[in-house]
Trainee: 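One structure, pasted below without further comment.
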Amino acid sequence: MPEILEIEPYVTVMDDPIASTTLEKIESILGEVNESGSYQAVIVDFLQRINKSTLVPGIERTDALYRFKDIITDYAQHAKIPVIVMTQLIPISSDETERNFESRIKFCKGFMESAAAAIEIIKIKGIPVSTFYVAKGRFSKAEISVSCKYENGRFTYVSKKELQEIKDQAQIDAINDMVSRIETEGDEV
């Protein structure tokens with residue numbers, strides 16, 4: 001929470017009541033923000049909530065999302081500031097090697113083609129490390145992953161060796177916790 005309080009003076013929220021934001025309203029806001037020159041970035045949180053249009057009442061969700069993709073693509077041609085779009089992904093299958101990021105974007109797989117970059121933040125419960133999986137990057141040809149610890153309000157580098165030690169410790173902690181629960185349940189019987 002302290003981090004939010006620190007950045008709050010620098011964030012402007014432009015929002016309609018939940019689930020009422022239309023394609024046309026977003027397009028208007030993007031134009032206003034770009035013309036003002038007062039912002040560093042636009043964050044759309046999140047893609048799957050964009051499902052209404054005043055020009056096409058009753059628009060299908062998929063059509064709305066593809067129209068939004070077109071709006072963002074057109075905007076990027078002349079924009080002075082970047083647009084960051086948060087999206088909901090279908091969870092990774094049990095075979096973690098089969099990421100296929102594009103196919104996991106709910107309702108709008110084609111959004112990937114107009115993106116300059118696509119990054120998934122992967123957090124594993126019990127491990128104080130986040131992995132940033134870069135599925136598409138303007139400056140990188142292949143998919144890459146970068147793991148970072150979160151310390152003192154900032155992401156910091158973690159070496160492969162340190163990452164393995166953290167994972168090993170998390171497994172030891174999980175095993176100790178399980179043993180403790182089993183012993184406690186045994187005492188209650």
Side-chain angles (χ1 to χ4, degrees), residues 1-13 15 39-50 65 68-69 72-73 76 79 81-187:
M1 191 68 149
E3 296 84 12
I4 291 173
L5 295 176
E6 289 173 20
I7 67 167
E8 189 175 20
Y10 306 102
V11 175
T12 302
V13 177
D15 195 12
Y39 299 91
Q40 298 298 310
V42 173
I43 300 173
V44 178
D45 184 20
F46 64 96
L47 177 64
Q48 284 77 9
R49 286 198 177 230
I50 301 168
L65 291 173
F68 178 64
K69 177 186 75 77
I72 294 296
T73 302
I81 59 173
V83 176
I84 300 161
V85 179
M86 312 294 263
T87 185
Q88 188 176 21
L89 298 177
I90 297 166
I92 295 175
S93 67
S94 58
D95 178 9
E96 201 170 316
T97 60
E98 194 178 308
R99 289 187 183 280
N100 198 348
F101 186 90
E102 184 172 359
S103 70
R104 292 176 47 230
I105 301 173
K106 276 192 168 183
F107 309 120
C108 192
K109 297 167 188 8
F111 207 84
M112 183 87 157
E113 71 188 53
S114 59
I119 302 168
E120 179 178 5
I121 302 171
I122 304 167
K123 179 77 176 114
I124 300 171
K125 187 177 178 180
I127 298 178
V129 172
S130 294
T131 299
F132 295 81
Y133 167 65
V134 182
K136 177 182 179 182
R138 181 179 290 169
F139 305 110
S140 65
K141 304 233 186 301
E143 298 173 351
I144 59 169
S145 293
V146 178
S147 294
C148 299
K149 288 192 300 187
Y150 190 72
E151 297 177 318
N152 302 320
R154 298 186 186 281
F155 284 106
T156 60
Y157 175 76
V158 59
S159 69
K160 286 184 180 182
K161 180 182 177 193
E162 188 178 7
L163 179 59
Q164 188 58 52
E165 289 170 357
I166 290 169
K167 287 179 179 179
D168 292 345
Q169 185 59 50
Q171 288 177 340
I172 290 168
D173 292 345
I175 291 168
N176 288 339
D177 184 46
M178 184 173 53
V179 169
S180 177
R181 279 195 316 248
I182 291 170
E183 288 173 347
T184 302
E185 290 169 8
D187 291 343

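Just so you know, these numbers come straight off a predicted model, no measurement behind them.
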Trainee: Nearest 0.5 Å, please: how far is OG1 in Thr87 from CG in Leu47?
Mentor: 4.5 Å
Trainee: So, using side chain to side chain donor-acceptor pair (under 3.5 Å) as the criterion, who are the partners of Lys149 when residues are at least two apart?
Mentor: Glu151, Glu162
Trainee: Walk me through it: do Gln169 and Ile172 pass the test side-chain contact (heavy atoms from CB on, under 4.5 Å)?
Mentor: CA-CA 5 Å; Gln169 185 59 50; Ile172 290 168; 4.2 Å; yes
Trainee: Please name the pair of heavy atoms, one in Ile119 and one in Val134, separated by the smallest distance, quoted to 0.1 Å.
Mentor: CG1-CG2, 4.2 Å
Trainee: Measure the OG-CD distance between Ser147 and Gln164 for me, rounded to the nearest 0.5 Å.
Mentor: 11.0 Å
Trainee: What distance separates Ile105 CD1 from Leu65 CG, expressed to the nearest 0.5 Å?
Mentor: 10.5 Å
Trainee: Measure the shortest side-chain to side-chain distance between Thr131 and Ile121 over non-hydrogen atoms and say whether it is less than 4.5 angstrom.
Mentor: no
Trainee: Over 60° means perpendicular and under 30° means parallel, so tell me whether Phe111 and Phe68 are parallel, tilted or perpendicular.
Mentor: parallel
Trainee: I'd like to know if the side chain of Gln48 and the backbone of Lys106 have a donor-acceptor N/O pair within less than 3.5 Å.
Mentor: yes
Trainee: If the condition is ring pair (Phe, Tyr, Trp, His ring centres under 6.0 Å), which residues does Phe107 pass it with, not counting sequence neighbours?
Mentor: none
Trainee: Give a yes or no on whether the backbone of Met112 and the side-chain of Glu102 come within a donor-acceptor separation of less than 3.5 Å.
Mentor: no
